[in-house]
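Working notes, beginning with the structure itself.
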Amino acid sequence: MNKRGWALVLWALVCLAGTPCCLAAGAGPGDLELSGFQVAAPSPAPLGTRAAVEFTLRNVSRRSLTFDSYLGVFLAVKVTSPGDNAPLRRNFGKRHQNGVLAPGQTLSFRDTLPLDRPGTWLLTPACEFDGELVVFDQQARTLAVGAGAATPVAAPAKAAAAPAA
């Protein structure tokens with residue numbers, strides 16, 4: 001097996017252990033701090049609704065971090081449905097591609113995703129920077145999605161507007 005194959009095997013083992021992971025040395029989950037991870041959706045959520053997701057990342061390292069040109073910052077989603085042989089994996093809301101996050105700087109991720117498949121959804125904040133995949137497994141959220149009437153899902157809270165005079 002070549003080096004890339006071993007790196008992927010190592011990444012899978014670390015992720016299965018439930019710890020944040022990365023592929024290369026020099027940078028990693030310790031460079032970023034995740035906060036404010038929220039998923040706004042009923043549980044169980046009716047099939048066909050949308051879930052609002054938000055989180056903030058802060059660069060706690062002493063160097064600037066450059067996000068990948070394809071994935072950037074995103075929400076990794078794994079959907080396990082009854083009767084499926086393998087879970088469905090998706091990446092939602094790819095943002096901040098090629099963006100640079102200076103030391104101490106923060107960025108916000110906010111998106112909605114369609115709950116278009118019944119099953120158990122595992123929602124995990126993730127990003128790829130400087131050639132490394134970082135998955136915040138320990139902060140993952142689970143959402144049950146089932147058949148039912150579609151109802152609106154509340155968006156994450158926003159600052160209240162001042163009343164008109």
Side-chain angles (χ1 to χ4, degrees), residues 7-23 28-60 65 67-97 99 101 106-129 132-163:
L8 289 173
V9 168
L10 177 61
W11 175 78
L13 290 173
V14 170
C15 288
L16 288 173
T19 58
C21 59
C22 63
L23 291 177
D31 292 330
L32 290 169
E33 178 181 85
L34 173 74
S35 64
F37 181 35
Q38 298 179 17
V39 177
S43 188
L47 190 62
T49 58
R50 297 183 74 83
V53 178
E54 70 177 49
F55 60 87
T56 300
L57 292 176
R58 183 168 77 92
N59 181 350
V60 295
L65 306 175
F67 291 102
D68 180 69
S69 63
Y70 177 67
L71 290 173
V73 177
F74 62 101
L75 185 71
V77 177
K78 180 172 86 170
V79 182
T80 306
S81 297
D84 282 352
N85 291 333
L88 174 68
R89 297 178 189 274
R90 298 177 177 169
N91 297 325
F92 280 98
K94 299 173 199 168
R95 303 274 191 276
H96 307 287
Q97 293 96 333
L101 194 62
T106 63
L107 64 81
S108 295
F109 175 96
R110 182 177 283 180
D111 202 356
T112 61
L113 60 142
L115 304 175
D116 57 1
R117 185 178 175 117
T120 302
W121 289 54
L122 183 66
L123 311 172
T124 310
C127 65
E128 186 170 7
F129 67 90
E132 300 181 43
L133 179 64
V134 177
V135 182
F136 294 91
D137 289 330
Q138 292 179 339
Q139 290 83 12
R141 304 282 191 274
T142 302
L143 180 64
V145 177
T151 57
V153 175
K158 295 182 181 176

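This structure is a prediction, so every number in the text was calculated from the model and none was measured.
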- Of the options E128, K94, Q97, which is the one that meets Y70 in a side-chain hydrogen bond (donor to acceptor under 3.5 Å, both in side chains)?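 In the set E128, K94, Q97, the residue that makes a side-chain hydrogen bond (donor to acceptor under 3.5 Å, both in side chains) with Y70 is K94.
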- Is there a side-chain contact between L143 and L115, using heavy atoms and a 4.5 Å cut-off?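 They are in side-chain contact.
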- Item | V134 side chain near D31 side chain, heavy-atom distance below 4.5 Å |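 Counting from C-beta outward, V134 and D31 never come under 4.5 Å.
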For [X] and [Y], which heavy atoms make the closest approach, and how far apart are they?
X	Y	result
H96	S108	NE2-O, 3.3 Å
F92	P114	CE2-CD, 3.9 Å
T80	P87	OG1-CB, 3.8 Å
G72	F67	CA-CB, 4.0 Å
L47	P118	CD1-N, 3.6 Å
L57	L101	O-CD2, 4.4 Å

How many angstroms lie between atom [atom1] of [X] and atom [atom2] of [Y], to the nearest 0.5 angstrom?
X	Y	atom1	atom2	value
L75	N91	CG	CG	8.5 Å
R141	Q38	CZ	CD	8.5 Å
L34	T56	CG	OG1	8.0 Å
L88	D116	CG	CG	8.0 Å
K78	T142	NZ	OG1	9.0 Å
E33	N59	CD	CG	10.5 Å

- Task: If the plane angle is over 60° it's perpendicular, under 30° parallel, otherwise tilted; pick one for F109 and F55.
- Result: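 Because their plane-to-plane angle is under 30°, the rings of F109 and F55 count as parallel.
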